[in-house]
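Below, all heavy atoms of this structure are taken into account, side chains as well, without hydrogens, waters or symmetry copies.
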Amino acid sequence: MAKMLPPFVFEQTSSRAERKVFKMFCEDTATKSWTVLHSLALSEDKSIRPYGEIDFVVLVPGFGIVCLEVKGGGIKTIDGVWFTTGADGVEKALKRSPFTQARESMFMLRKHLGDKGGQKSGLMHYQTCYIVIFPDCLCPSLSPEFTRSEVIDSTDLRSGIGAAVTRCITQRKLIGTTFAHADLKLARESLRPDFDRAVLFTNVLKDSEERIAAFTEEQLQRLEELEENNRCLFDGPAGTGKTALAIHYAKRLASEGKATLLICFNRLLGKWITAQTKDIELLKAGSFWSIMSQLVQKSEFQVEFSQRDSGIEDHKKFELLGEYARLALLEFGLTFDAIVIDEAQDLAREPFLSLVNDLLIGGLQNGHWAMFGDFSQQVLFGTAGGVDFVRERCNSFTYSKLRRNCRNTKQIASAALNLTELPSNLYRGNFSEGPETLFQFYRSTHEQQTLINSCVEKLLKSGILVSDIIVLSANKFSNSGLATETTIAGYPIVDITQSEDPLRSGQFIRFSTVAAYKGLESSIAIVIDVQQLVSENSDPLLYVALTRPRNFLLVICHEKIRELVLKRAEREH
């Protein structure tokens with residue numbers, strides 16, 4: 001299980017053979033003390049050749065540096081010209097022999113080490129060698145060009161890549177300094193320093209963002225259903241594009257001349273969809289309860305409502321607001337041609353449905369509406385009414401499932417499903433690859449604060465913007481692991497749940513409760529204060545937290561659940 005730099009295969013790596021070799025290094029216990037650099041590019045004198053690339057550079061304690069050239073598919077030579085044959089049967093002539101390519105790459109690497117540390121540097125005098133790997137075929141016929149100790153073929157790999165590389169090393173008579181464990185850091189920093197990895201990390205995030213920006217094929221099909229039906233309910237887990245579809249559809253309805261209401265439950269999400277649609281005529285958007293509260297405050301019942309609202313328990317406030325909102329609707333006669341509802345799982349109940357029925361021309365039975373929700377996993381607020389409550393109001397609407405995750409990387413989706421023990425078939429989908437989800441463990445509040453600071457510092461040093469990060473906790477800030485802190489990595493902490501302008505960005509670290517951030521997303525999420533995992537049934541709050549990031553997820557858990565977290569995280573789909 002070698003340490004891989006980077007720890008994942010890039011999306012742009014088209015070589016199936018390289019991916020195969022990468023996986024072998026990750027799984028072979030014989031390589032556990034090795035460090036492997038995948039796809040190492042080396043600059044060179046432009047008058048000779050602008051650059052070179054080594055498929056794998058392996059740092060082996062007790063030996064030195066091994067340069068690996070990987071050639072997949074079949075291999076043959078005709079009149080001294082080398083050819084490879086892919087799985088599709090297509091032959092491709094190589095510009096150079098793979099052994100010449102591997103040998104030149106090794107010398108380029110040695111030159112780089114000499115340039116980096118000087119000719120007298122210890123870096124220059126490590127033992128080095130090159131090996132060509134043919135993972136899909138037998139060793140080519142031997143010739144003066146190479147020896148058997150310079151080849152690893154498909155038969156050699158049956159005993160593991162660690163054993164195969166070790167065989168080649170021990171059969172060679174090499175000159176130079178052996179490679180001690182203490183030399184690993186020096187060589188690694190020379191060949192792939194931290195800034196190098198950071199650039200690659202941000203490139204992965206950029207690729208992921210570009211993928212997320214486009215509607216998936218499934219989403220386009222759902223839009224067609226909206227065109228053909230005046231009443232639709234879409235049910236899908238986190239990350240399946242419900243909010244994006246809701247906004248898109250509401251804008252289209254307004255552009256067609258329909259007075260449209262776009263609503264959700266969550267206050268922060270309400271502010272966000274308001275900002276996204278602020279310049280659209282005939283479209284009113286925001287948190288439903290905020291809109292109803294504003295309506296009551298303008299009505300003749302404002303004083304009476306304020307008197308009754310003062311001091312009552314939170315769970316009764318919505319009932320009271322619903323009662324006065326209905327009176328305000330009668331006073332103003334407010335109606336809409338169409339209503340689009342996001343987070344419908346938290347609003348498909350009374351008194352919400354009665355108010356929507358009154359707001360919508362034709363009511364829920366005959367009016368023009370669309371609902372988007374996750375009716376099985378993300379119910380956080382109150383008792384969910386669900387699809388059956390909608391059916392009591394309307395016996396004729398299109399029900400459709402969303403299953404293709406277009407927000408999260410494969411690594412994030414897997415972590416969310418594993419830790420909450422949800423079924424692996426919850427999603428369909430061609431997930432993009434991203435950085436592995438990182439789990440950190442703490443024993444005390446101080447230790448968790450130190451971990452958070454350290455992780456944020458590393459992210460910022462790698463080129464990540466402060467505005468790309470959200471810190472999420474199941475607890476309010478005053479009860480969270482950051483309650484005694486005012487800064488993270490030198491940047492002030494802003495609790496956006498208490499901010500009058502929660503969507504503003506700046507040079508500060510955003511904090512939010514999970515419940516308040518539901519429906520929103522960020523490039524990177526750090527989930528803190530994880531002290532337990534539900535053993536039966538899924539934990540909707542944890543599920544919501546883990547699915548907020550698009551590209552990278554960091555989970556900070558209490559040490560007491562380390563074993564359970566790691567056991568679940570390793571589950572394969």
Side-chain angles (χ1 to χ4, degrees), residues 2-5 17-18 21-22 24-25 28 30-42 44 49 52-72 75 82 94 96-117 119 121-135 138-157 159-184 186-188 190-192:
K3 180 177 182 180
M4 306 300 293
L5 300 177
E18 282 188 42
V21 171
F22 189 99
M24 289 179 182
F25 276 119
D28 190 348
T31 68
K32 64 181 180 181
S33 64
W34 300 4
T35 298
V36 179
L37 284 61
H38 177 218
S39 188
L40 181 69
L42 295 173
E44 183 56 281
R49 193 166 69 249
E53 183 180 39
I54 307 176
D55 292 337
F56 294 92
V57 175
V58 188
L59 310 180
V60 184
F63 170 67
I65 303 174
V66 183
C67 301
L68 299 181
E69 175 69 24
V70 180
K71 291 299 179 188
I75 195 85
W82 288 76
L94 303 179
R96 293 174 293 159
S97 153
F99 295 96
T100 300
Q101 184 176 351
R103 189 180 302 112
E104 290 179 354
S105 296
M106 181 193 71
F107 284 118
M108 287 177 66
L109 177 67
R110 287 179 58 81
K111 182 179 184 301
H112 168 80
L113 293 174
D115 292 343
K116 186 78 174 181
Q119 294 298 315
S121 167
L123 291 173
M124 185 64 181
H125 302 291
Y126 289 140
Q127 290 188 150
T128 57
C129 72
Y130 62 86
I131 301 171
V132 178
I133 300 181
F134 301 102
L138 298 178
C139 176
S141 299
L142 295 179
S143 73
E145 186 178 3
F146 65 94
T147 66
R148 186 63 178 85
S149 63
E150 296 170 344
V151 178
I152 294 175
D153 66 9
S154 59
T155 302
D156 299 326
L157 291 172
S159 60
I161 194 164
V165 171
T166 301
R167 173 189 65 80
C168 293
I169 290 172
T170 54
Q171 291 179 357
R172 311 280 276 277
K173 294 182 179 180
L174 300 167
I175 300 174
T177 306
T178 57
F179 203 67
H181 282 276
D183 299 318
L184 276 172
L186 182 62
R188 175 239 187 259
S190 173
L191 297 175
R192 184 153 279 167

Below 4.5 Å, heavy atoms only, C-beta onward: do [X] and [Y] meet side chain to side chain?
X    : Y    : result
I133 : I161 : yes
Y130 : S105 : no
F146 : S97  : no
D55  : V21  : no

How long is the span from the [atom1] atom in [X] to the [atom2] atom in [Y], to the nearest 0.5 Å?
X    : Y    : atom1 : atom2 : answer
F63  : T128 : CZ    : OG1   : 7.0 Å
L109 : I54  : CG    : CD1   : 4.5 Å
I131 : E69  : CD1   : CD    : 12.0 Å
Q127 : I169 : CD    : CD1   : 9.0 Å
R96  : E104 : CZ    : CD    : 4.5 Å
I65  : M106 : CD1   : CE    : 10.5 Å

Can you name the nearest heavy-atom pair linking [X] to [Y], along with the distance?
X    : Y    : result
A2   : V36  : CB-CG2, 3.7 Å
A17  : P135 : CB-CG, 3.8 Å
R167 : S149 : NH1-CA, 4.3 Å
C139 : L142 : SG-CD2, 4.3 Å
D156 : A164 : O-CB, 4.0 Å
E145 : R103 : O-NH2, 3.3 Å

From CA spacing to verdict: side chain to side chain contact (heavy atoms under 4.5 Å, CB included), L94, K71: CA-CA 10 Å; L94 303 179; K71 291 299 179 188; 4.3 Å; yes

Salt-bridge present (R148, D153; N to O < 4.0 Å): yes

Q171 (side chain) donor-acceptor with C168 (main chain) under 3.5 angstrom: no

W34 and its side chain to side chain contact (heavy atoms under 4.5 Å, CB included) partner, picked from V58, D28, L59: V58

Geometric class of the F56/F25 ring pair [parallel <30°, tilted 30-60°, perpendicular >60°]: tilted

